[in-house]
Amino acid sequence: MKAVRVHAYQQDPQIDDVPEPKIQGPLDVIVKVGGAGVCRTDLHIVNGDWADIQNPELPYVIGHENAGWVHAVGDAVTNVQVGDTVILHPQPSCGLCLSCRAGRDMQCTGDAFFPGLSNNDGGMAEYLRTTARACVKLNPDTNPADVAALADAGITAYHAVRKAVPYLYPGTTAVVIGAGGLGHIGIQALAALTATKIIVVDKNPAALELAKQIGADETIIADGEHVAAVQELTGGGASVVFDYVAEQGVELEAWQMTGPAGYQFNLGYGGEFRAPTLDFVAGEKNVIGNIVGTYNDLAELMVLAQAGKVTLHTAQYPLDRALDALHDLDAGKVRGRAILVP
């Protein structure tokens, strides 16, 4: 099969011919990939930023936002069968450790693996090996390419909104920084789950125009005056700020946009957060990290998606144009989310 593989960090991946994955255990599922999202994390992987954390053996296949059709199943799989349309939680977890039993899939201490990040091949290929625990069954008429990026970008954005729901009652304000691949999903999730006033900040006028169409009440161009504009619009700071950028100083701007007793959710990464401790004490502010989400988050998100309340705006590329997709994402040319279609 064709697959997009990283051979060396800080170099473009290559499209190689490799063997198809095989069933290795009784709960394994082989999926024929119908869509694989291209994520900014993939750019970080290619750059080597994840090398010390996940330490995969090179070369390996990237791609952690995947949906498609069940191609083969292990002997113990009962929740899906060959031919089913599925979207995949990005990290198959063990189901037995305390974290899994508490529903915290991303903190699994058992035999979890992360196709496309850890030492396991991902979904920028024609076929992918995962497990039954990762499969969320979809309506059979769902096009996997239309929903694939919800497996990471969507679940990550939804997970943060889900945690923030108790703080976003009527009369509150929520600021979304970055209306790109994750942010445009977060805006829709906020509109679907809360009654808060949604304010979106982005440097791209086209992204702000999209934000207005999908639920933003106010938009602010990031022109150097945007922090003051948010503070004025929110009366001193927002109830909750969702930072989908969190690098190049934006993470510090997010802190300034967060009001007293407010919450700053960091979803992007690459920057360095710092603030005077007096600001924490006097302002009673909260800073919360957010990585991916739970299996239940993904299942809930797919209910919203299949009801038309959350829609991915995508740019689709054939698998053999994977490098174009990565380069376009890096250059800021992708509106919404880039999807590879084998």
Side-chain angles (χ1 to χ4, degrees), residues 3-14 21 36-66 88-100 102-125 128-131 133-134 149 151-160 163 178 180-182 242-251 254 264-274 287-295 297-298 322 326 329-330:
V4 181
R5 297 202 299 172
V6 174
H7 286 257
Y9 297 123
Q10 301 183 6
Q11 294 182 18
D12 279 344
Q14 298 178 23
V38 182
C39 177
R40 187 157 293 277
T41 292
D42 293 313
L43 299 179
H44 287 289
I45 291 170
V46 172
N47 193 51
D49 297 344
W50 283 82
D52 292 338
I53 300 174
Q54 297 287 7
N55 194 30
E57 296 178 13
L58 300 182
Y60 83 114
V61 183
I62 57 175
H64 54 277
E65 299 179 337
N66 306 301
L88 307 178
H89 189 282
Q91 178 179 275
S93 51
C94 75
L96 299 174
C97 70
L98 291 178
S99 294
C100 283
R104 294 187 287 111
D105 304 81
M106 294 307 299
Q107 284 78 50
C108 174
T109 58
D111 57 354
F113 64 100
F114 207 126
L117 265 81
S118 62
N119 199 31
N120 302 88
D121 287 336
M124 290 190 189
L128 165 72
R129 182 182 73 89
T130 183
T131 75
R133 279 186 57 80
D152 180 40
I155 190 176
T156 301
Y158 181 82
H159 184 55
K163 290 192 291 188
L182 273 76
F242 300 92
D243 184 0
Y244 290 96
V245 181
E247 61 181 347
Q248 299 178 8
V250 175
E251 64 276 14
Q264 176 182 336
F265 285 82
N266 286 336
L267 295 99
Y269 60 91
E272 180 179 325
F273 179 80
R274 59 187 182 277
V287 179
I288 301 172
N290 196 87
I291 184 167
V292 193
T294 70
Y295 180 95
D297 287 333
L298 183 56
L326 288 164
L329 175 62
D330 195 26

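Since the model is a prediction, treat every value here as computed from it, not as a measurement. Residues: numbered from 1 along the sequence shown. FYI, side chains are in, hydrogens and waters are out, and symmetry mates aren't considered; it's all heavy atoms of this structure.
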Inset, instruction - Mind checking salt bridge (Lys or Arg N to Asp or Glu O under 4.0 Å) for Asp105 and listing every partner two or more places apart, or none if nothing turns up? - result: Arg133
Legend entry - Main-chain N/O of Gly37 paired with His64 side-chain donor or acceptor, under 3.5 Å: no
Legend entry - Short side-chain to backbone donor-acceptor contact, Glu65 and Ala153, under 3.5 Å: yes
To the nearest 0.5 Å, what is the distance between [atom1] on [X] and [atom2] on [Y]?
| X | Y | atom1 | atom2 | result |
| --- | --- | --- | --- | --- |
| Ile155 | Asn290 | CD1 | CG | 10.0 Å |
| Leu329 | Leu43 | CG | CG | 4.5 Å |
| Asp152 | Ile291 | CG | CD1 | 8.5 Å |
| Phe114 | Thr130 | CZ | OG1 | 11.0 Å |

Inset, instruction - Mind checking ring-ring contact (aromatic ring centres under 6.0 Å, His included) for Phe242 and listing every partner two or more places apart, or none if nothing turns up? - result: Phe265
For [X], give me all partners under side chain to side chain donor-acceptor pair (under 3.5 Å), at least two apart in sequence or on another chain.
| X | result |
| --- | --- |
| Asn66 | none |
| Asp297 | His159, Thr294 |
| Tyr269 | Thr41, Trp50 |
| Asn119 | none |

Inset, instruction - Would you list the pairs meeting salt bridge (charged side-chain N to carboxylate O under 4.0 Å, His left out) in which at least one residue belongs to residues 38-52, sequence neighbours left out? - result: none
Inset, instruction - For residues 115-124, pull every pair meeting salt bridge (charged side-chain N to carboxylate O under 4.0 Å, His left out), keeping only residues two or more places apart or in separate chains. - result: none
Tell me the closest heavy-atom pair linking [X] and [Y], and the distance in Å.
| X | Y | value |
| --- | --- | --- |
| Ala112 | Ser93 | CB-CA, 4.0 Å |
| Cys108 | Cys97 | CA-SG, 3.8 Å |
| Pro90 | Val292 | CG-CG1, 3.5 Å |
| Tyr244 | Gly178 | CD1-O, 3.8 Å |
| Pro13 | Leu326 | CG-CD1, 3.9 Å |
| Ala322 | Val4 | CB-CG2, 3.6 Å |

Determine whether [X] and [Y] make a side-chain contact, defined as any pair of heavy atoms from C-beta on separated by less than 4.5 Å.
| X | Y | answer |
| --- | --- | --- |
| Leu98 | Arg104 | no |
| His89 | Met106 | yes |
| Asn47 | Gln10 | yes |

Residues which pass side-chain contact (heavy atoms from CB on, under 4.5 Å) with [X], listed by chain and number, not counting sequence neighbours:
| X | value |
| --- | --- |
| Glu251 | Asp243, Ala246 |
| Pro115 | Pro92, Phe113, Leu128 |
| Asp12 | Leu323, His327 |
| Pro21 | Met1, Ile30, Tyr127, Arg129 |

Legend entry - Candidate pair Lys163 and Ile288, rule side chain to side chain contact (heavy atoms under 4.5 Å, CB included), full reasoning: CA-CA 10 Å; Lys163 290 192 291 188; Ile288 301 172; 3.9 Å; yes
Legend entry - Residues, nucleotides or ligands: over 12 heavy atoms within 6.0 Å of Glu247 CD: yes
